[in-house]
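Down below is the structure, laid out as structure tokens.
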Amino acid sequence: MTDLPAGSDLPQERRVVTAIPGPVSQELMARKQAAVADGVGTVMPVFARRAGGGVLEDVDGNSFIDFGSGIAVTSVGNSAEAVVRRATAQLQAFTHTCVMVTPYEPYVEVCERLAELTPGDHAKKSALFNSGAEAVENAVKIARTHTKRQAVVVFDHGYHGRTNLTMALTSKSMPYKHGFGPFAPEVYRVPVAYPYRWLTGPENCAEEAAAQAIDQISKQVGAANVAAIIIEPVLGEGGFIEPAKGFLPRIAEFAKENGIVFVADEIQSGFCRTGQWFACEDEGIVPDLITTAKGIAGGLPLAAVTGRAEIMDSAHSGGLGGTYGGNPVACAAALGSIETMLELDLPSRAKQIEEVMKPRLQKLAQQHGVIGDVRGRGAMLAIELVKPGTKDPNPEATAALAKSCHQQGLLVLTTGTYGNVMRFLPPLVIGEDLLNEGLDILESALTAL
Ligand SMILES: *Cc1c(COP(=O)(O)O)cnc(C)c1O
């Protein structure tokens, strides 16, 4: 791996100069507790001051190696040069007109780029929104009006957001849904091919899971009632689950045979994260609709639904939109982010990150019985922690490991239906030294565990 420009002048080094959290962060945390609703949680209780390249600096002067990218968002690094340049120019020109009132070129240009970059060479159109959840909701609106059907099929361990409809689409109760019902109707959940936890083992997982899912859709919902099947090609919040090979193509084929809109939710897995522009390319899948957000705009809020022009056009004029959707500054940032991804060939970069990280994670798994599984692709990698000698989830060890990494200056995130997955989502521009130093910390934290 050769080093890439950091995009900011922040020293690319880990530095721990206070206890974590330091005194200034503790003061700010007291203010947060007094002024910010408790529902807005904190993974690592330090306050950010600056971030760029592969590091995040806190208000006490500590510098953390960033294995989180703000949850897979700053793939091009924080304050990436092209993002700042284009967003700044747009800020100075105008900040908002509302695309539904007076359109502007950056919105159109983002949709043109999305048509080029997403899988398939059919005619495509896009609509832009503010958040991933909003994109998923709009994909459902579009699929329903196109098919004149109501049912939506989602999968075990799926995550699609925190709005009312997307809570219904999301699998995990605590913390996403608990106490927040009632949820939207006509949502049906079916099995996913989760190789590590498939009861009969990983070998026939794809076939058996697809057969079960299709049987449930056909018999319990009725394929003719289904507007959309929505799946993450690599499941994010559910625990970085890569469905066993063959599962996704079978489900996509079933959707096609039955006139169901197949939606790939690539909000976390898209935009170079898995070593390809979009994770569904891995098995040659061409979704009817694809939802994107997170990595699209280098940290500014932007999301999109992109898909077959005839499906996208089935919603009537005025039926899709919102005051801020496709804000010009966010669009300019997205164009800067895409420019960076192309210029630095970030899909290849994600593959190089996998080449550095995955063998080391696999070696750690051999040495530490607490690691039950190593999985993921590109710079979307994870370890699943279990009670040694079993497959029983070990969320306690996962939380302790994360805390220990934080204290040594490594920002890691946990996830998973059972809270027992540690995920690694470094910015794709991180230097190889930082990547290895981060893994050294993980290794010593595992040994201390
Ligand atoms: C994060 C995420 C969402 C929700 O995106 P928000 O911008 O938080 O609303 C939806 N789907 C997937 C796969 C995600 O990872």
Side-chain angles (χ1 to χ4, degrees), residues 39-41 43 68-75 118 127-141 143 152-172 175-177 180 183-184 187 189 192 194 228-243 248 262-274 278-280 282 285 287 289-307 322 324-327 330 333-334 337 376-382 413-417 421 423-425:
V40 183
V43 169
S69 300
I71 318 187
V73 169
T74 52
S75 297
T118 53
L128 305 182
F129 304 97
N130 302 295
S131 70
E134 221 188 323
V136 175
E137 291 233 0
N138 278 278
V140 172
K141 281 166 67 172
V152 179
V153 170
V154 289
F155 293 83
D156 286 339
H157 308 289
Y159 178 85
H160 301 288
R162 294 171 179 271
T163 56
N164 187 266
L165 175 59
T166 57
M167 276 194 292
L169 301 174
T170 289
S171 173
K172 188 177 175 178
Y176 307 124
K177 304 167 73 165
F180 298 145
F183 303 112
V187 173
R189 193 176 319 287
V192 72
Y194 182 172
I229 296 177
I230 309 178
I231 189 161
E232 302 156 84
V234 177
L235 287 82
E237 305 303 302
F240 282 27
I241 301 163
E242 285 182 277
L248 289 172
F262 182 84
V263 184
D265 181 350
E266 293 249 18
I267 288 168
Q268 191 156 167
S269 58
F271 278 102
C272 314
R273 182 49 61 184
T274 62
F278 296 96
C280 59
D282 192 55
I285 287 170
L289 300 180
I290 178 165
T291 54
T292 52
K294 293 198 166 92
I296 192 174
L300 276 85
L302 190 74
V305 184
T306 301
Y324 296 115
N327 167 274
S337 171
R377 300 202 292 272
M380 186 171 184
L381 301 170
L413 306 173
T414 61
T415 191
T417 299
V421 175
R423 55 175 157 177
F424 308 107
L425 292 162

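Side chains are part of it too, since the values below use all heavy atoms of this structure and drop only hydrogens, waters and symmetry mates. Residue numbers start at 1 and run along the sequence shown. When a ligand or atom number is given, it counts from 1 through the structure's own listing order.
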Are Arg377 and Glu242 close enough for a salt bridge, meaning some N to O gap below 4.0 Å? yes
Below 3.5 angstrom, do we get any N/O pair linking Gln268 and ligand 1? yes
Residue from Leu235, Ile230, Leu289, Ile290 passing side-chain contact (heavy atoms from CB on, under 4.5 Å) with Asp265: Ile230
To which protein heavy atom is atom 4 (C) of ligand 1 closest, and what is the distance rounded to 0.1 Å? Ala133 N, 3.6 Å
Using a strict 4.0 Å cut-off to heavy atoms of Tyr159, name the atoms of ligand 1 that fall inside it. 1 (C), 2 (C), 3 (C), 11 (N), 12 (C), 13 (C), 14 (C)
State the atoms of ligand 1, each with its element, that fall below the 4.0 Å cut-off from a heavy-atom position in Glu232. 13 (C)
Tell me which protein heavy atom sits closest to atom 6 (P) of ligand 1, plus the residue, atom name and distance to 0.1 Å. Gly132 N, 3.4 Å
Starting at CD1 of Ile231, measure out to CG of Leu248 and round the result to the nearest 0.5 Å. 5.0 Å
Examine Asp265 against ligand 1 and note whether any of their N/O atoms are separated by less than 3.5 Å. yes
Salt-bridge contact Arg423-Glu237 (side-chain N to carboxylate O under 4.0 Å): yes
So is Gly161 polar-close to ligand 1, meaning N/O to N/O under 3.5 Å? no
Protein non-hydrogen atom below 4.0 angstrom of atom 8 (O) of ligand 1 present: no
Identity and distance of the protein heavy atom lying nearest atom 15 (O) of ligand 1: Lys294 NZ, 2.6 Å
Do you see a donor-acceptor pair shorter than 3.5 Å between the side chains of Glu134 and Thr163? no
Going by atom types alone, do Ser171 and His157 pair a side-chain donor with an acceptor below 3.5 Å? no
Any chance the rings of Phe240 and Phe424 have centres within less than 6.0 Å? no
